[in-house]
Chemist: 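Just passing along the structure, written as structure tokens.
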Protein chains: 2
Amino acid sequence: MSQTAPEAASARVAAVLRAEILDGSIAPGARIRQEEVAERLGASRLPVREALRMLNAEGLLVVEPNRGARVPDLDRREVEVLYRMRERLEPLALVESLPHLDDATLARIIDLQKQIEQIDDIRDFLALDREFHLATYSACHIDHLQATVARLWNATQHYRRAFMELAGPQRRWVVNAEHNLLIDALQRRDPVDAERYLVGHIRRTRRELIAHPELFPDNE
Amino acid sequence: MSQTAPEAASARVAAVLRAEILDGSIAPGARIRQEEVAERLGASRLPVREALRMLNAEGLLVVEPNRGARVPDLDRREVEVLYRMRERLEPLALVESLPHLDDATLARIIDLQKQIEQIDDIRDFLALDREFHLATYSACHIDHLQATVARLWNATQHYRRAFMELAGPQRRWVVNAEHNLLIDALQRRDPVDAERYLVGHIRRTRRELIAHPELFPDNE
DNA sequence: TCTCTTGAAAATGGATCCATCTTCTGAGAA
DNA sequence: TTCTCAGAAGATGGATCCATTTTCAAGAGA
């Protein structure tokens, strides 16, 4: 066969929509019409419906009965609590992952950070940053934990992007310092320091993000 | 209309399957065949597929491409980590909920505990216990947080039931003592004590549950 | 007797057509 | 001008039929 991957239509549709939501092409609040997606991607409405359910499970959109799917837009308190969830869950994922992290994954993490330090484009930065962190959790091998963490990243992705477009690159050096301290702790297999730097990283991000009320709808 | 609720077929199918999984009629490891469910519940396969996706989003089953849906069975480490996730997330849900808990909800929580102290049947106990805890989080009004906590309860429900069938009712008084201390802290609107008793409650449950390796598959 | 192969049965994935619900638009009256 | 209500258009939910994949059992060969 010349085709390398048969891949189901619903998975293909889900992949396209996932990318569009994560990179902001489909903004929060937008309604997603099944027929429009089906026509655009050359499939029938059925795999589109399946794809919407998948993305719903991934925290990227909400499905309301008889009213279709839409990307939710969150208020400031909601985003803040999602970040507090990250502060509690990701250290657990990291500590469970650390003992099983092999050298190849560690090398990939280090390489990702090198790319992060050289990239300018915000979308590329966000994608690499996400891949960097999820890679540090990849060895925990607890599906529920990894899926939950991914959902939190998915739901807050838009606000991270909006923040970076607003704040510009002047705080990038802080991210890099935190990432490199985290990598150092990982290389030393030190769960205490790894958790310390990770929590600090997420906490700082939350505070800087929350400090911009203009990112969120209907703030009194 | 005589019908009080029109309710979509997919939601109805999902409700039946959800109840069957939670009460153990469909055990972990079991494959769920779409056609069997469709015939049994008097619907076509399409709403069944939708229902399976919904339950997948709720953490009750996993869907593998071209291989259908099944209720996952977890090993001991997986259940332990799920409980550690609960220990970190539920205190956050409680603290975010506590300031918004109204008197009616508090009264319902107290009433649920009174029922818990009088019930004998394990399935009824588990349902009431679940309702009790989720009620304490119900005022946090963060959909993602409540859904995540519900998923953790869903995924571990089977092992809680198996544990109770094994351990019998002799530790029920501990549950009641912990619940009543938690209620007292809620009535005093004391987030510190409330978090303290809740974490203790979950930690003790985890330890007692994990102490029974015979509850889990393939433990060396 | 064990293993590999092959083919048939069964289950899932997808497409099209129809029913039902939502929502938007516009006309009419206060 | 504004509110209300009715009707039409559009979108979602569901049923049936077909295609593809998986799975399992039977048989041939070593």
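The figures that follow rest on heavy atoms only: side chains count, while hydrogens, waters and symmetry mates do not. Naming: A, B, ... by sequence-line order, numbering from 1 per chain.
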Chemist: Does a sphere of radius 6.0 Å around CD in Glu39(B) hold more than 12 heavy atoms from other residues, nucleotides or ligands, not counting ones at 6.0 Å or beyond?
Modeler: no
Chemist: Mind checking whether Leu215(A) and His158(A) have side chains closer than 4.5 Å, heavy atoms only?
Modeler: no
Chemist: Could you give the CZ-to-P distance, from Arg70(B) to dA11(C), as a whole number of Å?
Modeler: 18 Å
Chemist: Classify the angle between the aromatic ring planes of His133(A) and His179(A) as parallel (below 30°), tilted (30 to 60°) or perpendicular (above 60°).
Modeler: perpendicular
Chemist: How many Å lie between CD on Glu35(B) and C1' on dT22(D), as a whole number?
Modeler: 15 Å
Chemist: Out of curiosity, Asn56(B) CG to Arg53(A) CZ, how far, rounded to the nearest 0.5 Å?
Modeler: 11.0 Å
Chemist: Once you round it to whole Å, what is the distance between P of dT12(D) and CD of Glu39(A)?
Modeler: 13 Å
Chemist: What protein N or O atoms touch nucleotides 23-25 of chain D N or O atoms at under 3.5 angstrom, if any, and at what distances?
Modeler:
from: dT23(D); atom 1: OP1; to: Arg67(B); atom 2: NE; distance (Å): 2.9
from: dT23(D); atom 1: OP1; to: Arg67(B); atom 2: NH2; distance (Å): 3.2

Chemist: Roughly how far apart are Thr156(A) OG1 and Leu74(A) CG, rounded to 0.5 Å?
Modeler: 8.5 Å
Chemist: Give each protein N/O atom lying under 3.5 Å from an N/O atom of nucleotides 15-17 of chain D, with the pair distance.
Modeler:
from: dA15(D); atom 1: OP2; to: Ser44(B); atom 2: N; distance (Å): 3.3
from: dA15(D); atom 1: OP2; to: Ser44(B); atom 2: OG; distance (Å): 2.9

Chemist: Would you say Gln34(B) reaches dA10(C)'s phosphate, i.e. side-chain N/O to OP1/OP2 under 4.0 Å?
Modeler: no
Chemist: Once rounded to the nearest 0.5 Å, what's the spacing between atom CD of Glu90(A) and atom CD1 of Ile202(A)?
Modeler: 4.0 Å
Chemist: So Arg123(A) and Glu165(A), do their side chains get closer than 4.5 Å, heavy atoms only?
Modeler: yes
Chemist: Can you name the side chain to side chain contact (heavy atoms under 4.5 Å, CB included) partners of Glu80(A), sequence neighbours left out?
Modeler: Arg84(A), Arg206(A), Ile210(A)
Chemist: Starting from P on dT12(C), measure out to CD on Glu50(B) and report it in whole angstrom.
Modeler: 15 Å
Chemist: For a quick check of understanding: with a heavy-atom distance under 4.0 Å over all strands, which category does Leu52(A) fall into, base, sugar-phosphate or nothing?
Modeler: nothing
Chemist: Cation over ring, Arg160(A) on Phe163(A), under 6.0 Å and within 45°?
Modeler: no
Chemist: What integer distance in Å separates Glu64(A):CD from dC21(C):P?
Modeler: 17 Å
Chemist: Given atom CZ of Arg33(A) and atom P of dC24(C), what is their separation to the nearest angstrom?
Modeler: 11 Å
Chemist: State whether Ser10(A) places a side-chain N or O below 4.0 Å from either non-bridging phosphate oxygen (OP1 or OP2) of dG13(C).
Modeler: no
